[in-house]
Amino acid sequence: MTRMKSIGAAFAAVLLSSVAAHAGDVRIMWYSDGGEGEVIKDLLARFSKANPDVNVILDEVSYDVVKEQLPVQLEAGKGPDIARVTNLKAQAQHWLDLRPLLADAKYWDENFGAQADWMRPDGSNAITGFMTQLTLTGGFVNKTLFEQAGVEIPGPKATWDDWAAAARKVADSQKVFAMAIDRSGHRVSGPNISYGANYIAADGKPAPIDQGSKEFLSRFVKWNEDGTVNKDVWVSAAGSTYRAAAEDFINGGLAYYYSGSWQVSGFAQKIGDSFDWIMAGSPCGTVACTGMQGGAGLVAVKYTKNPKDVAKVMDYLASADVQKEFAERSLFIPAHKGVAAGQVDFKTDNPHVKAALKAFVESAGQTAAPAMKLPGWKWSDAYYSAIVARISQVIAGEMKLDDAYARIDEDIKAKVGGN
């Protein structure tokens, strides 16, 4: 009998994804930022109806499970058959090469080739999966709060200092927080690079944290200390645990929120007509006004017992019609080259959403060269994690900033080791 199971509890999903698969089972570990979980369930239900011999099981989990529990499973040679992940390159040794199993590998190369290197071992031509969407970081503005405060929204070339000053005026007037940035090393990397940071040394390994990073991170710490930034976002979790500030923005408690395009779907559902909001690109530093490109990839795991069935599911999900519908309903920027080149009719009547997606597409052209390299760099996640863990300790008053810089370098070196 065909079935598709959706499991809400993260702990249950972790247990389930560690269970050995049976013949015909294809277990997918999936997390959602917005409403894309409902879309993927619909799409998989159609697949299951047309392919009763393949039993697709969708385990819906939190992002923390994917980030923290999945790597442990993979290192033990276990895990789901397919997973939606953002840490693609560093875990590439665990992904299955689908190339010999796919119906048409050339189709995949043509439509997903631009990002294929993000999710395969260096020097390989493996096809391990596809990006479920392309993302770009950027700032969201509560336009209503700015208008009520009588504060002009900064223009397209405004600096991070300009935005902090304007958001503080709104915060003082409207009794909200001025700014928040997700608790994520990826999220602060665009600002770092805007001030001249470069994480990658000449030999391809991590470079010591440089003055460019220090220029922004010192500002960020100061803004947390003086109340410009909502301090709780970075001190309410330990280690490198991710925490978004999306709910604070949705609830009208933030004048300015730096996150990314993946939030648009959730904003469309939860903000409604509560207030007007816009996407305002990435603020400028001294050398650039860059965000970070990226996205979540759907990858096949090489420990699967059913590689042929996995390839069948992946071929279906990667098909042009399915990709188009997924992007339109999820309000995601499509990663499929053919779909992106055509007419994408996002399923929303919300003018804020349509304007935000258009602005993200336009902002992608401003992405600085160092930021473009990071999605396909093996040590990106090591760098991101070290920044989050140590800067959080500074914000919490547990460490001096100069000491944190030294510890960041040490943490990264420990992860790189002899590799």
Side-chain angles (χ1 to χ4, degrees), residues 2 4 17-30 40 43-44 46-59 66 70-71 73-134 295-324 326 334-340 375-378:
T2 302
M4 184 178 68
S17 61
S18 299
V19 176
H22 297 92
D25 282 358
V26 174
R27 187 177 293 279
I28 303 173
M29 179 183 281
W30 182 273
I40 200 69
L43 296 171
L44 287 171
R46 291 180 215 162
F47 173 87
S48 294
K49 187 175 181 180
N51 299 274
D53 57 320
V54 181
N55 185 33
V56 181
I57 306 165
L58 187 72
D59 297 332
V66 175
L70 178 61
Q73 296 177 28
L74 295 174
E75 288 299 327
K78 299 179 180 179
D81 300 286
I82 298 170
R84 188 179 190 222
V85 300
T86 56
N87 186 12
L88 294 157
K89 192 72 165 186
Q91 300 181 125
Q93 72 271 22
H94 300 296
W95 310 149
L96 173 69
D97 183 3
L98 293 164
R99 185 175 289 277
L101 301 168
L102 297 169
D104 184 0
K106 184 179 178 183
Y107 164 86
W108 282 69
D109 287 335
E110 290 175 350
N111 289 289
F112 300 107
Q115 288 81 37
D117 193 52
W118 294 5
M119 60 189 87
R120 62 189 176 198
D122 287 337
S124 166
N125 76 335
I127 297 174
T128 60
F130 62 88
M131 301 302 291
T132 58
Q133 84 275 33
L134 291 181
L298 196 67
V299 293
V301 177
K302 72 179 184 181
Y303 310 116
T304 179
K305 301 296 191 295
N306 303 305
K308 290 183 180 179
D309 289 331
V310 167
K312 195 172 184 178
V313 173
M314 293 292 278
D315 261 332
Y316 165 77
L317 292 175
S319 63
D321 288 347
V322 171
Q323 285 286 297
K324 186 173 188 293
F326 181 79
H336 185 289
K337 183 179 178 181
V339 171
W377 185 48
K378 183 178 181 180

> If you look only at pairs with a residue in residues 123-134, which of them pass as a salt bridge (charged side-chain N to carboxylate O under 4.0 Å, His left out), with sequence neighbours excluded?
Replying inline: none

> How long is the span from the OG atom in Ser319 to the CG atom in Asp104, to the nearest 0.5 Å?
Replying inline: 12.0 Å

> What are the two closest heavy atoms between Pro334 and Val339, and how far apart are they?
Replying inline: CB-CG1, 3.9 Å

>> Quick check: closest heavy atoms across Ala300 and Val310, and the distance to 0.1 Å?
In response: CB-CG1, 3.7 Å

>> Return the CG to NZ distance between Leu98 and Lys312, rounded to the nearest 0.5 Å.
In response: 15.0 Å

> How would you list, by chain and number, every residue that makes a salt bridge (charged side-chain N to carboxylate O under 4.0 Å, His left out) with Asp117, sequence neighbours excluded?
Replying inline: Lys89, Arg120

>> Listing request: all ring pair (Phe, Tyr, Trp, His ring centres under 6.0 Å) pairs with a residue in residues 78-106, at least two apart in sequence or in separate chains.
In response: His94-Tyr303

> Just wondering, do Ile28 and Ile57 contact through their side chains at under 4.5 Å, heavy atoms?
Replying inline: no

> With distance as the sole test, does Tyr316 use its side chain to make a donor-acceptor pair with the main-chain N or O of Leu43 at under 3.5 Å?
Replying inline: yes

>> Using every non-hydrogen atom in the two residues, find where Leu70 and Pro80 come nearest and quote the distance to one decimal.
In response: CD1-CD, 3.6 Å

> Which heavy atom of Gly297 sits nearest a heavy atom of Leu88, and at what distance?
Replying inline: CA-CD2, 3.9 Å

> Given side chains that start at C-beta, do those of Val301 and Ile82 come closer than 4.5 Å, heavy atoms only?
Replying inline: no

> How long is the span from the CD atom in Gln73 to the CD atom in Glu75, to the nearest 0.5 Å?
Replying inline: 11.5 Å

>> Please determine whether the number of non-hydrogen atoms from other residues, nucleotides or ligands lying under 6.0 Å from atom CG of Asp321 exceeds 12.
In response: no

> Testing Asp59, Asn55, Asn306 for side-chain hydrogen bond (donor to acceptor under 3.5 Å, both in side chains) with Arg27, which one passes?
Replying inline: Asp59

> Can you name the residues that form a side-chain hydrogen bond (donor to acceptor under 3.5 Å, both in side chains) with Asn87, not counting sequence neighbours?
Replying inline: Asp381

> Taking only residues two or more places apart in sequence, or in another chain, which ones meet Lys302 in a salt bridge (charged side-chain N to carboxylate O under 4.0 Å, His left out)?
Replying inline: none

> How many angstroms lie between CG in Leu74 and CD in Gln91, if you round to the nearest 0.5 Å?
Replying inline: 5.5 Å

>> Would you compute the distance between atom OG1 of Thr128 and atom CE of Met119 and round it to the nearest 0.5 angstrom?
In response: 5.5 Å

> With sequence neighbours left out, what residues match Phe112 under ring pair (Phe, Tyr, Trp, His ring centres under 6.0 Å)?
Replying inline: Trp108, Phe130, His336

> Who are the side-chain contact (heavy atoms from CB on, under 4.5 Å) partners of Ala114, not counting sequence neighbours?
Replying inline: none

>> Would the distance check show the side chain of Asp315 and the main-chain N or O of Leu102 forming a donor-acceptor pair, the cut-off being under 3.5 Å?
In response: no

> Can you name the side-chain contact (heavy atoms from CB on, under 4.5 Å) partners of Pro307, sequence neighbours left out?
Replying inline: Leu96, Leu101, Thr304

> Of all residues at least two apart in sequence or in a different chain, which pass the side-chain hydrogen bond (donor to acceptor under 3.5 Å, both in side chains) check with Thr132?
Replying inline: Arg84

> Taking only residues two or more places apart in sequence, or in another chain, which ones meet Glu110 in a side-chain contact (heavy atoms from CB on, under 4.5 Å)?
Replying inline: Lys106

> Who passes side-chain hydrogen bond (donor to acceptor under 3.5 Å, both in side chains) against Gln323, sequence neighbours left out?
Replying inline: none

> Is any side-chain N of the basic residue among Lys378 and Asp122 closer than 4.0 Å to the acidic one's carboxylate O?
Replying inline: no

>> Please give me the minimum heavy-atom distance between Ala92 and Pro121, naming the atom from each residue.
In response: CB-N, 3.6 Å

>> Could you tell me if the side chain of Val56 sits less than 4.5 Å from the side chain of Val54, heavy atoms only?
In response: yes

>> Applying side-chain contact (heavy atoms from CB on, under 4.5 Å), can you list everything that pairs with Asp109, at least two apart in sequence or on another chain?
In response: Arg99, Ile127

>> Quick one, Leu317 and Ile40 - any side-chain contact, counting heavy atoms below 4.5 Å?
In response: yes

